[in-house]
Structures are given as structure tokens and as C-alpha cells.
Protein chains: 4
Amino acid sequence: MPPIRTWTMDDFRLDPSRPLYEQFVEQIRAMIAKGELEPGTRLPSVRETAASLRVNPTTVMKTYQELERLSLIVTYRGQGTFVTEEEEAIRRSRKELAVAAVRQMEETAKSIGLTLEQLWALAREKE
Amino acid sequence: MPPIRTWTMDDFRLDPSRPLYEQFVEQIRAMIAKGELEPGTRLPSVRETAASLRVNPTTVMKTYQELERLSLIVTYRGQGTFVTEEEEAIRRSRKELAVAAVRQMEETAKSIGLTLEQLWALAREKE
Amino acid sequence: MPPIRTWTMDDFRLDPSRPLYEQFVEQIRAMIAKGELEPGTRLPSVRETAASLRVNPTTVMKTYQELERLSLIVTYRGQGTFVTEEEEAIRRSRKELAVAAVRQMEETAKSIGLTLEQLWALAREKE
Amino acid sequence: MPPIRTWTMDDFRLDPSRPLYEQFVEQIRAMIAKGELEPGTRLPSVRETAASLRVNPTTVMKTYQELERLSLIVTYRGQGTFVTEEEEAIRRSRKELAVAAVRQMEETAKSIGLTLEQLWALAREKE
DNA sequence: GTGGTCTAGACCACA
DNA sequence: GTGGTCTAGACCACT
């Protein structure tokens, strides 16, 4: 059972106007995609996380369940929650993030009638 | 007599899981940025719009209020609502959209530890 | 907005030893598959259901959210929850139920070393 | 000297999201019904099993207790645990498995308003 | 009115 | 110890 660092409030940047669990999912997902959280690593327990992040345990549970639906973490009953060892799932997730980001930009470009190059140039213009 | 634009339900692509007014704002904003809705064009009244789009009048009101806050439309009491003739406001809005799209991509790249080029390549990979 | 009958406690057969929301999902899913709940029908609201079934609103919400993940119902913000009009999703769900049932029987047969016919005969034997 | 069966991790297919002891019971029960584990065969001790399967000893205890409750295994104090030699108990268990599998299919069929034949045909349909 | 999020706290099964 | 379910009740945004 590999060691696990407990989260601190500095590990997350939270926007109080958006659902907390959603932001936790996004940011933990990024940590896994980045490799900062390695396959097989045990995540801090629901209660521990709730205490250290000062949120309700059910909020953490919702976060973990969502990550499990994304196949990024696995729960072993009575033992805890672990980053999946299926590296394929992690690769897929990372690719999904990349595709979504690019697609979003393409859609913005199209919606305002610009090519990607034009959008890029416009964003870079000073003033 | 300014041109007038009447909406039909086909003018918008709506996702029921997101706030409708937000989607209307985004899509009308894009139409203005694209020039598809020209400066000075008169928009249909709140009641008309609500009827033709089959949504609640308050949803349309919120949409128009938000677009007014962005200085993209102006309301002349008793006369109606018009796309602004301040081309500067439209340019600014278009630029904001471009900057936001690029920034969003940069943040995704950073969050998963890739450069923009790597993110781009990953999104383009087949399979 | 089509009418909707409110659930009564007789609409569900509940086993207290299993998660309630899971049983609600199964049984509502069956009602949709069976055509008893037609496409476009509005489901009773979360609060109303909670009151009539004597359960907590969050339990009903979990039920509805799970059904939404199965693409069997759709939520329109501020308006309520409706059986999907995508008949394809309903067909798919119905087929999944059938496949699961058959597969489960095949696996049982295989696990005890019988053919389907033998399993069937054995189940039918009297005494 | 009775034959003895030692488990390896490959003897079981485990789904971490379900209780482990339950899955052990099901699968050992099937092995006995199938005749793969013969009457009189000695099972390894709780501690041995826990070690070879890498699970908690209490999980194995619960498994053995449940199998004993089903009269499929018997424990002789100080001598060990053995597959029952009461062939009647094994027959009964095999039949219960068959009945349960058929009943489950019948209930699925009924719940979605199909006959068994229709359910079967639906499950077999291509696409 | 609708659904959605969050909290606080109880209770349970599993390992 | 772990996660999972359920309750009661507050508060919010959207229509």
C-alpha cells in the first residue's frame, strides 16, 4: 500500500461560485493526467480529505465517485481509493482533455467567423 | 427603418443541462461578433422572442440584460432593442472571445503538463 | 406539458436491505422499457416524489440523475424531468436488460457445467 | 489422506466493487456444483487461503461460514475444512442455482413486458 | 415552481 | 479503519 500525501487547501484553486466537487474532479483529473498522482497511488480517505479540505464528506464522495465513473480511480471495499493501474484509461482521459480544449477553440473560431490562425492573431494583438 | 431579425428555434443549439439564458447570450454574442447581426439591427421584443423560441419571458429578459451589460445591444424605451452601433464595443467583445479561447487552451495545457504544441499534437493523434 | 400521475408506494416493490435509489432506478427503467412511461412524459417532481414515497429528496435526485446518465430521462432546468423522446435510447436500454438477463443465465450454466437446456430442465424438475 | 486444493489468485475473477466474500462464495459454490471440487476434498486453512489470495483473513472466514451455512463444507475442529460428502446437499445447491437463474430471467422478461421467447429473441438480435 | 449543491450527522457493510 | 446510503434541512440558480 503505497504512501499518500494528504491534500492541503493549497492543492486546489477553488471558485466558490461553481460546484466544489466539479472543481475537485477537474483538478484531480489533471493531477493524474500530469503524472503527479501515479497509478496505484492511494488517495487520502474520504474522511481525511473532508477534514483537511474543510468540506463535507459527501462532497468528497461525490468527487471520488465521479472520478471512478471516469475509470481514473478504483475503490477497494474497506481498503480505500486508488489511482487506477490501467494506464490506458489515463491516456484516454488525457487525450480527451486535449481534444476538448482544441475543439472548444475551433468552435469559438468558427462561431465568430475566423480561422484558427486569425483567432490566434487576434488574441495576441496588444491593446 | 432598421432591419429586423426574428429568431426561430433553429437559430440556436441548446443543451438543456446548461442555463438557457447563458447559451442565448453566447450564441447571440457570436452572431454579433461574426457580423451576422449587423449594428443597428432591431431585435424582436422580449415577448415575441419568448413566444417564437418557446421559452419563459424571464429567460429572454435575462439574456437581453446580459447583452446590454456587455454593451452589445441597447434598449431605447418605447422603441425597442437594437444591436449597438458602437463598433468599438463589438471589436472589444470579439477580442475577449478570442483571448478567452486561447487562455482556456493554455490553462488546459499547463494543467496536464504539456506545451501548447504538445497539446495540439496529442489532440490530433489518430486513435 | 403532458400530465403525470404521481407515484404511490404501491408502484414500487422495495427490499429494505438494498439501496433504495438502485431499486427505484431498476423499476423506473423497467417502466420505461415496458412503455408504461411514454417518451415525453413528465415525471413527478423530486419533492413530490420524495413526499409520496416517504423518502428523502436527495434519494430521489440520485435516482433521477442515474436515469439521466442512462439517457432515459432528460432534465430541463427549472421545468422538471421528462422521459426522453429519443426512442433509440429506450430501445438500447431495453436490449441491454435482455442481454444481461440472458448472459447471466449463460454464465450460471457454464459455471456449474451445464448446457442451457440442462440448466432449464434442472430448474423445472419438481421436488 | 484426502485430496487438498490450494487456491491461487487465478482461481477467482474478482470485481472490487462487490463484496469479496460474496464472490468467493459464489465461485466456490459453482466449483462444488460443477464437481470440480469433489466431496471430501480438504480446503486450505483460513490463514493459508488469506495469504495465497492476498485478502484479509476475516474475508475468508466469512466465506467459509457462509459455505458452511449452505451445508456445502464442513469443519472438523482441529482437522480442517472439507467439501461435504452429503451429495444431497450438493444436488440441492445446484438446483437452487438453476432455479434462481431461470427465475431471474423470468422476472426481467415480465418487468419489461415480454415473454421469455421475446426476451430471448431480443437478446439475440444483432445490432 | 423546478433541480442542484452542500452541510451535519446517523447508521451500515466490508476488510 | 474504509466507502456507501439515507435523512433533515439550508441555500442557490434557473424558468
Side-chain angles (χ1 to χ4, degrees), chain A residues 1 4 14 16-24 42-51 53-66 68 73-82, chain B residues 14 16-24 50 53-63 66, chain C residues 1 4 14 16-24 42-51 53-66 68 73-82, chain D residues 14 16-24 50 53-63 66:
Chain A
M1 206 136 341
I4 171 61
L14 297 179
S17 74
R18 289 178 51 214
L20 297 179
Y21 82 92
E22 205 174 290
Q23 302 179 62
F24 289 137
R42 174 157 181 235
L43 299 180
S45 79
V46 169
R47 290 159 169 73
E48 197 178 337
T49 305
L53 297 183
R54 317 258 191 163
V55 295
N56 194 284
T58 58
T59 302
V60 179
M61 277 223 12
K62 207 167 175 183
T63 300
Y64 281 12
Q65 284 176 346
E66 179 66 16
E68 188 153 21
I73 68 179
V74 185
T75 295
Y76 290 93
R77 327 234 331 173
Q79 311 233 94
T81 304
F82 302 80
Chain B
L14 297 179
S17 73
R18 289 177 50 212
L20 296 182
Y21 85 92
E22 207 175 288
Q23 301 179 63
F24 288 133
L53 295 183
R54 317 245 192 176
V55 296
N56 195 298
T58 61
T59 302
V60 180
M61 274 197 40
K62 213 166 171 182
T63 300
E66 180 64 12
Chain C
M1 208 135 340
I4 171 62
L14 296 180
S17 75
R18 289 178 50 214
L20 298 179
Y21 82 92
E22 207 175 288
Q23 302 179 63
F24 289 136
R42 173 157 179 235
L43 300 180
S45 78
V46 169
R47 288 160 171 72
E48 199 178 337
T49 304
L53 296 184
R54 317 257 192 166
V55 296
N56 192 283
T58 58
T59 301
V60 179
M61 278 224 11
K62 207 169 174 182
T63 300
Y64 282 12
Q65 284 176 347
E66 180 65 16
E68 187 154 21
I73 67 178
V74 185
T75 295
Y76 290 93
R77 326 234 333 174
Q79 310 232 95
T81 304
F82 302 80
Chain D
L14 298 179
S17 74
R18 290 177 49 213
L20 297 182
Y21 85 94
E22 208 175 287
Q23 302 180 61
F24 288 133
L53 296 183
R54 316 247 191 175
V55 297
N56 196 299
T58 62
T59 303
V60 180
M61 275 197 41
K62 212 166 173 181
T63 300
E66 179 65 11

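Everything quoted here is computed from the prediction, not taken from an experiment. Throughout, protein chains are lettered first and strands after them, A, B, ... in sequence-line order, and every chain is numbered starting at 1.
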NA contact type, C:Tyr76, heavy-atom cut-off 4.0 Å: base, sugar-phosphate, or nothing?
nothing
Where the side chain of C:Arg47 is defined as all heavy atoms beyond and including C-beta, which of F:dC11, F:dC14, F:dG4 is the nearest nucleotide?
F:dC11
Whole-Å distance between F:dT5 P and C:Asn56 CG?
14 Å
Distance check needed: F:dC12 P versus A:Arg18 CZ, whole Å only.
19 Å
Of the listed nucleotides F:dT7, E:dC6, E:dA15, the one nearest the side chain of A:Gln79:
E:dA15
Student check: side-chain heavy atoms of A:Phe24 and A:Leu14 closer than 4.5 Å
yes
Atom OH of C:Tyr21 and atom C1' of E:dC12 are separated, to the nearest Å, by 14 Å
Within this structure, what is the CD-to-P distance between B:Gln23 and F:dT15, rounded to whole angstrom?
9 Å
Whichever of C:Glu22 and B:Leu20 has the more 5' nearest nucleotide on DNA chain F, that residue is C:Glu22
Check: A:Arg77 side chain, F:dG4 base, donor-acceptor under 3.5 Å
no
Without swapping roles, check the side chain of C:Glu66 against the backbone of C:Tyr21 for a donor-acceptor pair under 3.5 Å.
no
Contact class for C:Thr58 (heavy atom, under 4.0 Å): base, sugar-phosphate, or nothing?
base
